[in-house]
Each structure stands twice: as structure tokens, then as C-alpha cells.
Amino acid sequence: MKLLYNHHSIFFSLFTRQLSLSSFPPLKPNLNSQCINGHLQESLLQMAFKGPEMIFDGYNTLLNDCVNRKAIREGQRVHAHMIKTCYLPPPYLRTRLIVLYTKCDCLGDARHVFEEMPERNVVSWTAMISGYSQRGFGFEALHLFVRMLRSGTEPNEFTFATVLTSCTGASGFELGRQIHSLIIKQNYEAHIFVGSSLLDMYAKAGKILEARGVFDGLPERDVVSCTAIISGYAQLGLDEEALELFRRLEKEGMSSNYVTYASVLTALSGLAALDHGKQVHNHVLRCELPFYVVLQNSLIDMYSKCGNLNYSRRIFDIMPERTVISWNAMLVGYSKHGMGREVVELFKLMREENRVKPDSVTFLAVLSGCSHGRLVDKGLEIFDEMVKGNNGIQAEIEHYGCVVDLLGRAGRVEEAFEFIKGMPFEPTAAIWGSLLGACRVHSNIDIGTFVGQRLVQIEPENAGNYVILSNLYASAGRWEDVRKVRELMMDKAVMKEPGRSWIELDQTLHTFHASDRSHPRREEVFWKVRELSIKFKEAGYVPDLSCVLYDVDEEQKEKILLAHSEKLAMAFGLIVASERVPIRVIKNLRICSDCHNFAKLISKFYGRDVSLRDKNRFHHIVGGICSCGDYW
DNA sequence: ATAGGGTTAG
């Protein structure tokens, strides 16, 4: 038995035998991290003579202090000292070390302490799992969780709440389901932390109904669980549902915090509901919340997606502190508005300031900004820099995609084609699609037909590809091929998301679908579009029938074209909106070139500013001229 | 002693 004690801890073990816990008054050791500088040994020694529990308590206090201040150096000293002094530090002290190391981003050290533990309990397992999941190592977290189960340790509510945050991706979700049944078996489903984590897991996997089920089953609610379900809807693009739920929960007495507002702003950005967004902004200002970067970032994004970049910039400029997301949101804003020069300028400022490191999203924003802003050489220059690896950011396939877009948009189709061939990645449908679009705009029939044939093979469900391909054949007079492609399309293509446009007037969103029959003022709107068409035709407008997906006669095509949802929304705006404000229309898909022409004509004939936001970018039209320079 | 929701891009 004696052999088990090493010489450092002999005095210690003696105490353990002679004194029981109850012989000590609950003295709190008066220790802080200052003791570490030289006095540590002495202080601990003194405490050791008061009893072994005291020395443990001393280490515990010291480590807690280090955890709170993230003082890794001091923590390491305490650790070293502890190893020298104590034989077998109790599990809770080792767990403190695990927490310290994970908080200070030293996962390796944490894992080392964990693996060296002679006996582990739920808390130490959970601390280690939480360390991995918080640092973004979901796989390791899950792996450890499975090992925990095998070891026979029962997880508790802490374990479940933390491990579920790592259940992302397809394989994570499968495990998440199994963990859910475990949770039910052990009766933790109604626990508010576990429940929030669980519903968030389902929401992030796109299973919003199951998430809602968990939420509705919670016996109590708090800010976090409410925010989790609201943001679940918002992240899936179910913006209206998110807002509706938010309103209802607020009525039912939910308290909101800055995270809730950030999620609500995400939903409002998606809808470009500027009036509502301003309301939330005002509300947030009235609350006099402390500064939260996350909230400010979502405000920047909301204003930019509502077309109000100046507001975004104002918020950006007065922020006392910015994260990479703040910069990215601002850069993406400029990029989507086609303001290439501003993108490059802000990027330059970011590097000069050198407080925040650009990440891969930054480069995506800058490259696409150059692409939309016609800054081809600048874009290529930045991409070259990336590839050389000077920035510490690996060029990913999306960055290559930006370059294809950059070249193709500028009419350098052959170059873009060669670029794709030389990529270190297998080109995706998105990449070919970008090139095909360029072939259409710049009438490159040879490359276009090649790419189009390829695309309908790897993405047979996308109707757009068939249409472009058949139009390319048509322009080459290859009518037999046109017929074949059309047949193929009828066979295989699935109608994807239906087109939808909306316009905000007096805090109400008016939504139109193509050939919409649901809006109360539909008749008026249809007649307005007709009237506009006749008027514009007199001035030389020719409908661009190549935008029509269906294989019907020309008259039918024109009818379909006139019923495009963005035309309906614009006409409605023209009827209803005050002349002082721009007609602000949002479309869920890409806007077609015929509607783009139409918008320019509205602007020209009625002296109205038109602002169109489609899936990719903004079009600000003033006096018949579009900010995209017809370059999109 | 260990725990849940959030902002950019796709």
C-alpha cells in the first residue's frame, strides 16, 4: 500500500488517514492567481497542513480563476505544480484542467489530461465532449460520446444538450435521431436545455416539422428555445413562418434578446421588408442594449438586402468593434449592388487596418464583386494571389467558380472554358451553368452547345439548361436538335421553385406568382401590364420570347411573358406606390431579360426609380439606365 | 465541476 504513494504526497496521505472532513471548519482558502508568482508553493503548503481537502480546494480556486481569465500560462503552472505535489488529483480537478485547456484552445492538452484520468465520470466525459463541439470538432465529439456509452457511463442532461450541437450533416443527423430515442428513454425530452438543442438539431437538418414538434412539446419555454425555433425557420428561408411565430410568441409573453432580434432580422432580410426592418432597428435602439457585434452585423445585412446600402455603411462605420462577418456582410452588400470599385476599396481598407483576417467568404465576396463590377483584371489579380497562397486561404471550388463567372461575363468565354479544364476540381453543375449563361449572353454557340449537352446530363432536372441549349440550337438553325432537346426537357425536367415576386407597401408585403389569380386587385394589375406593353411597343419594345420556358406558339409565349410575377409586382407598385419612393420589387429567382427591359422602360416612361432584387443581385434603375450596366 | 439559440457566403 505504501508503495502507491510518491514522496511528494506522503504528508498528504497521512492527513487523509487521520482526519475526516468534518474535523475542518469550512475555511475558504484565500488564494488568487497572484499566488502563482512565487508564493504558490508556500500558500499551498500552508493549506496542506490544514488538511488535504484544503489543498484541493486551493488548486480548484486557482484553476477557476485561470479559466475565467483564460490565463493559460498560469494555468499550466498550476497544472505542473499539482502533478508534483499530489498523488492522484481527484477527478474534479482534472476536469477543471480539461475545461481550462479547451477554453484556451489547447484541445490536445485537454485530451491528454482526459486520457490520463484513472477514472472518468459523467462530468469529465461531458467536459471533453463539450470542448470538442465548441471548438468545431463535431466528429471527435460524437466519437467520444459513443465511447462514453460503451464505457457504461450514463449521459445526463448536460451531455445530451452538448452532444446534440455536433449532430450536423447527414451522418450526424442519423446519430442525432438515435440520441433522441435515448433521450426519450431516459426522460430528458422535456428538459429545456436538451429540448432546445434537440429542436435546433432537427431544424438545422431541415426537418422543421420535427423541430416544431419538440418545441410544442416543451412544458416551459425560454428565450433560447423560442429563438432556436424562430431561427430554425429563418435559416431554412421560411421567412414568413419565422416572423409569424415571432409575433405569436411575443404576444404570448416571450422575452426577446439580441439573438432573437438577429434571427428576426435574417427573416426580414430574406423578404427585404425594409419597413419592418426599420421597426426592429428602432426597437433595438430604444432597448439601449449593449453593443453586440452579431446584432449589428445582421442590421448591416438587413439594410443591404433591402437595397439601402448607405444605412449599412453608416452602421459599419460607427461600430466600435468588427468581426470578419461585419466586413463580409458589407463587402457582399457592395458586390450584390454591382459596386466593384467600392468592394475593392473596402477590401483594401480591411487589409490596411489589419485587425481582422479575411477568410474564404471574404474572397468570395471580393471576387464576385469584381465579376459584377466588370473589374476583370483586378479579380484575376486577387485570385492569383490566393492561389499563390500568400493569404493563408485555400482557393476552393467556389472561388474558381467566381473566376469562371468573371471571365464569362466579360465575354472571354474561350478563356473561361480553358480555365475550367485546368481546374484542380471536377467542375460542378454550378460552374458549367455559369459558363452556359455566358455562352448565351455572348452567343458562343460552339462552346455553348458542348456545355449545354454536358449540363443536361449531369443536371437533368434543371429546366433552364434545356431552354438555353435549345435557344442556342435555334440560333444556329439546327431545328432537329431543338426538337430533341425540347422532348428531353418534357421528359426529365422538373419544375423547380415557382417564380414569385413581392413588393412592400405601407408595411404590407404584396406577393405575386406568375399568372397570379390570388391578389385582390389582380384585374387592375393585369390591365396595367397590358397597357404598359402596348405603350412600350409603340416606342420600339420587342418582347424577348427566348425567356419563355414552354414550347408554345409565339402569341402564347408573349402572354406568358406578360404574366411574369415581377411584371405584376412592378405594375402594382406603379398603381399604388407614392411617386416619391422607388418601386422596390424582390424576386425569388433570377429575373429574365425581358422583365429587365420592361423595368427600364417603366423607369424611363414614368420617371420612376425601380429597384429590383433577384436571387443574385440588385438592379437599381434610374432614368431607364440600370446600375448593372446590362452586365449580369 | 459538465449544458441549449445568433450574424456573412453556398
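First the proteins, then the strands, lettered A, B, ... as listed; each starts at 1.
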May I ask you to say what [X] touches in the nucleic acid, namely base, sugar-phosphate or nothing, with a heavy-atom cut-off under 4.0 Å?
| X | value |
| --- | --- |
| A:D359 | nothing |
| A:I192 | base |
| A:T266 | sugar-phosphate |
| A:V194 | nothing |
| A:F160 | nothing |
| A:K204 | sugar-phosphate |
| A:N156 | base |
| A:Q235 | sugar-phosphate |

Nearest-Å distance, [atom1] ([X]) to [atom2] ([N])?
| X | N | atom1 | atom2 | result |
| --- | --- | --- | --- | --- |
| A:I230 | B:dT7 | CD1 | C1' | 16 Å |
| A:F158 | B:dA1 | CZ | P | 10 Å |
| A:L265 | B:dT8 | CG | C1' | 14 Å |
| A:Y334 | B:dT8 | OH | C1' | 15 Å |
| A:D222 | B:dG6 | CG | P | 14 Å |
| A:E157 | B:dA1 | CD | P | 14 Å |
| A:L299 | B:dG6 | CG | C1' | 13 Å |
| A:I393 | B:dA9 | CD1 | P | 17 Å |

Proximity to the side chain of [X] - top-ranked nucleotide from [options]:
| X | options | result |
| --- | --- | --- |
| A:Q134 | B:dA9, B:dG5, B:dA3 | B:dA3 |
| A:S263 | B:dA9, B:dG6, B:dG5 | B:dG6 |
| A:T165 | B:dG4, B:dT8, B:dA1 | B:dG4 |
| A:A127 | B:dT8, B:dT2, B:dG5 | B:dT2 |
| A:A161 | B:dA3, B:dT7, B:dT2 | B:dA3 |
| A:N328 | B:dA3, B:dG5, B:dT8 | B:dT8 |
| A:S196 | B:dG4, B:dA1, B:dG6 | B:dG4 |

Would the A:F419 and A:F383 ring centres measure less than 6.0 Å apart? yes
May I ask you to check whether A:Y202 and A:H180 place their ring centres under 6.0 Å from each other? yes
Is there a stack between A:F193 and B:dG4, judged by ring centres under 5.5 Å and planes under 30°? yes
Mark yes or no: A:R120 above the aromatic ring of A:F114, with NZ or CZ under 6.0 Å from the six-membered ring centre and no more than 45 degrees from the axis. yes
Answer yes or no on whether A:R96 is positioned over the face of A:Y59, meaning its NZ or CZ is under 6.0 Å from the six-membered ring centre and within 45° of the axis. no
Once hydrogens and angles are ignored, does a donor-acceptor distance under 3.5 Å link the base of [N] to the side chain of [X]?
| X | N | answer |
| --- | --- | --- |
| A:N297 | B:dG6 | no |
| A:N257 | B:dG6 | no |
| A:N121 | B:dA1 | yes |
| A:S197 | B:dG4 | no |
| A:Y292 | B:dG6 | no |

For B:dA1 and A:K103 - does any side-chain N or O of the residue sit under 4.0 Å from the phosphate oxygens OP1/OP2? no
Run through A:E240, A:R212, A:E241 and flag the one making a side chain to side chain donor-acceptor pair (under 3.5 Å) with A:Y233. A:R212
Salt bridge or not for A:E140 and A:R111, using N-O below 4.0 Å? no
In terms of ring plane angle, is the pair A:Y303 and A:Y311 parallel, tilted or perpendicular, where the classes change at 30° and 60°? perpendicular
